[in-house]
Amino acid sequence: MSAYPHADTASLFTPFGQRKYLCQTERARFADAANHADRPTRLFALVLLFTGCRISEALETTPLRLDSGAGCLIIRTLKRRRTVYRAVPIPKWLLEELINFGRMTEPDMRLWSWCRQTAWRHIHALMEQAHVEGPMACPRGLRHGFGIRAADKAVTLNLVQKWMGHASPDTTAIYLNAVGIEERQFARRMW
């Protein structure tokens, strides 16, 4: 059994009460580590950080999925039985870098030719460099961190659901429950 069991995938905490998501300071350290990596690793890591997509979804990115007009990365949702695409807004500078990076390949070819395990190793190495340890030190921790960050910034539930590719709003609601924005406001008043 792993030291960090993930038995309940609908929870943002392990059975031991450890969080499975990167908090904002960990996200910032991860971004800093990514910015010191080689270009392909850096761009891949930033796609995960800024879109909340799954590692396999990021690996499917092609130049054709970079929509400069809308300022979005088009991601094919992999968890559904039918093909569903979602447009996730990303910073303009990241989109421009991805477009330039994509010029080195054919429009319908993947930006990263890595297998899933290689991509995971790249992300894990960046987590180590960022001193992120525990159950959140993985690609899924970035995904959960994206959801938490969106909830913390009061992004509406339907947008978070759309951006993360959730079929049910109940799945997305776990991020709102974890943050407890109103709960924090009450606590600040009490403090």
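Nothing here was measured: the structure is a model prediction, and the numbers come from that model.
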Undergrad: Which heavy-atom pair separates P135 from Q18 by the least distance, and what is that distance?
TA: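 For P135 and Q18, the tightest heavy-atom pair comes out as CG-CB, 3.8 Å.
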Undergrad: Would you mind reporting whether R86 and I74 have side-chain heavy atoms less than 4.5 Å apart?
TA: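 In short, these two side chains do not touch, never coming nearer than 4.5 Å.
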Undergrad: As an exercise, state the distance from CG of L12 to CD1 of I174, rounded to the nearest 0.5 Å.
TA: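 Reported to 0.5 Å precision, the distance equals 4.0 Å.
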Undergrad: Restricting to non-hydrogen atoms, name the atom on L48 and the atom on C53 that form the minimum distance, rounded to 0.1 Å.
TA: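 Scanning both residues, the minimum pair turns out to be CD2-O, 3.6 Å.
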Undergrad: At their closest point, which heavy atom of P63 faces which heavy atom of M109, and how far apart are they?
TA: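 What the structure gives for the nearest pair is CD-O, 3.2 Å.
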Undergrad: Taking a hydrophobic cluster as the set of Ile, Leu, Val, Met, Phe, Trp and Tyr residues connected by side-chain heavy atoms closer than 4.5 Å, whether directly or through intermediates, do L64 and F101 fall within one such cluster?
TA: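 In one cluster: no.
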Undergrad: Donor-acceptor check, side chain of H36 to backbone of D32, threshold 3.5 angstrom: yes or no?
TA: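 It does hold such a pair.
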Undergrad: Is there a donor-acceptor pair under 3.5 Å between the side chain of K20 and the backbone N or O of H144?
TA: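 The answer is no, because no donor-acceptor pair under 3.5 Å joins these two groups.
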Undergrad: Under 3.5 Å, is there a donor-acceptor pair between the T62 and R110 side chains?
TA: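 There is no such pair (donor and acceptor under 3.5 Å, judged by atom type) between the side chains of T62 and R110.
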Undergrad: Calculate, to the nearest 0.5 Å, the distance between atoms CZ and CG belonging to R54 and L78 respectively.
TA: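 Spacing of CZ (R54) from CG (L78) equals 7.0 Å.
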Undergrad: Quick one: do L95 and M104 end up in the same hydrophobic cluster if we chain Ile, Leu, Val, Met, Phe, Trp and Tyr together by side-chain heavy atoms under 4.5 Å apart?
TA: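 In one cluster with L95: M104, yes.
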Undergrad: Is there a donor-acceptor pair closer than 3.5 Å between any side-chain N or O of N35 and the backbone N or O of A31?
TA: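 Indeed, once roles are kept as given, a pair shorter than 3.5 Å links the two residues.
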Undergrad: Atom CZ of R149 and atom CG of L49: how far apart are they, to the nearest 0.5 Å?
TA: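 Between R149 CZ and L49 CG, I get 9.5 Å after rounding to 0.5 Å.
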Undergrad: Enter the distance from R103:CZ to L111:CG here, rounded to the nearest 0.5 Å.
TA: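 Atom-to-atom, R103:CZ and L111:CG are 12.0 Å apart.
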Undergrad: Considering all heavy atoms of both residues, which atom of L59 and which atom of R116 are nearest to each other, and what is their separation?
TA: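 Closest heavy-atom pair between L59 and R116: CD1-CA, 3.7 Å.
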Undergrad: Between atom NZ of K162 and atom OG1 of T156, what is the distance when rounded to the nearest 0.5 Å?
TA: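 K162 atom NZ to T156 atom OG1 measures 10.0 Å (nearest 0.5 Å).
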Undergrad: Between T105 and G102, is there a donor-acceptor pair closer than 3.5 Å when you use the side chain of the first and the backbone of the second?
TA: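 Here the side-chain-to-backbone pair does not exist.
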Undergrad: If every non-hydrogen atom of M127 is compared with every non-hydrogen atom of M136, which pair is closest and at what distance?
TA: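 Scanning both residues completely, I find the closest heavy atoms to be CE-O, 4.0 Å.
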Undergrad: Run the ring-ring contact (aromatic ring centres under 6.0 Å, His included) test on W163 and F50 for me, step by step, so that the C-alpha distance in whole Å, both residues' side-chain angles and the decisive distance to 0.1 Å come before the verdict.
TA: CA-CA 10 Å; W163 293 345; F50 282 100; over 10 Å; no
Undergrad: Taking all non-hydrogen atoms of both residues into account, name the closest pair between I55 and F44 and its distance.
TA: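 Where I55 meets F44 most closely, the heavy atoms are CG1-CZ, 3.6 Å.
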Undergrad: Once the angle between the rings of W114 and W112 is folded into 0 to 90°, is it parallel (under 30°), tilted (30 to 60°) or perpendicular (over 60°)?
TA: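 Geometry flag for W112 against W114: tilted rings.
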Undergrad: Are I75 and W120 linked, directly or through other ILVMFWY residues, by side chains that come within less than 4.5 angstrom of each other?
TA: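 Yes, I75 and W120 fall within the same hydrophobic cluster.
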Undergrad: Take M164 and T77, measure what side chain to side chain contact (heavy atoms under 4.5 Å, CB included) needs, and give me the verdict at the end.
TA: CA-CA 9 Å; M164 296 189 77; T77 301; over 6 Å; no
Undergrad: Within the side chain of R76, is there an N or O that forms a donor-acceptor pair under 3.5 Å with the backbone of E57?
TA: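 Such a contact is absent between R76 side chain and E57 backbone.
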Undergrad: Does this structure show an ion pair linking E97 with R42, if we count only N-O contacts that are shorter than 4.0 Å?
TA: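 Salt bridge flag = yes for R42 with E97.
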Undergrad: Given the rule that I, L, V, M, F, W and Y join up when any side-chain heavy atoms are under 4.5 Å apart, are I90 and W93 in one cluster?
TA: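 Hydrophobic grouping puts I90 with W93.
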Undergrad: F146, L94: one ILVMFWY side-chain cluster at the under-4.5 Å cut-off?
TA: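 F146 and L94: one cluster.
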Undergrad: Hey, does the Lys NZ or Arg CZ of R19 hover above the aromatic six-ring of Y21, less than 6.0 Å from the centre and inside 45° of the axis?
TA: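 Output yes; distance and angle both within limits.
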Undergrad: Taking the side chain from T51 and the backbone from V47, do they hold a donor-acceptor pair closer than 3.5 Å?
TA: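 Side chain of T51 to backbone of V47: a pair is present.
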Undergrad: Enter the distance from L142:CG to F30:CZ here, rounded to the nearest 0.5 Å.
TA: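 Atom-to-atom, L142:CG and F30:CZ are 4.5 Å apart.
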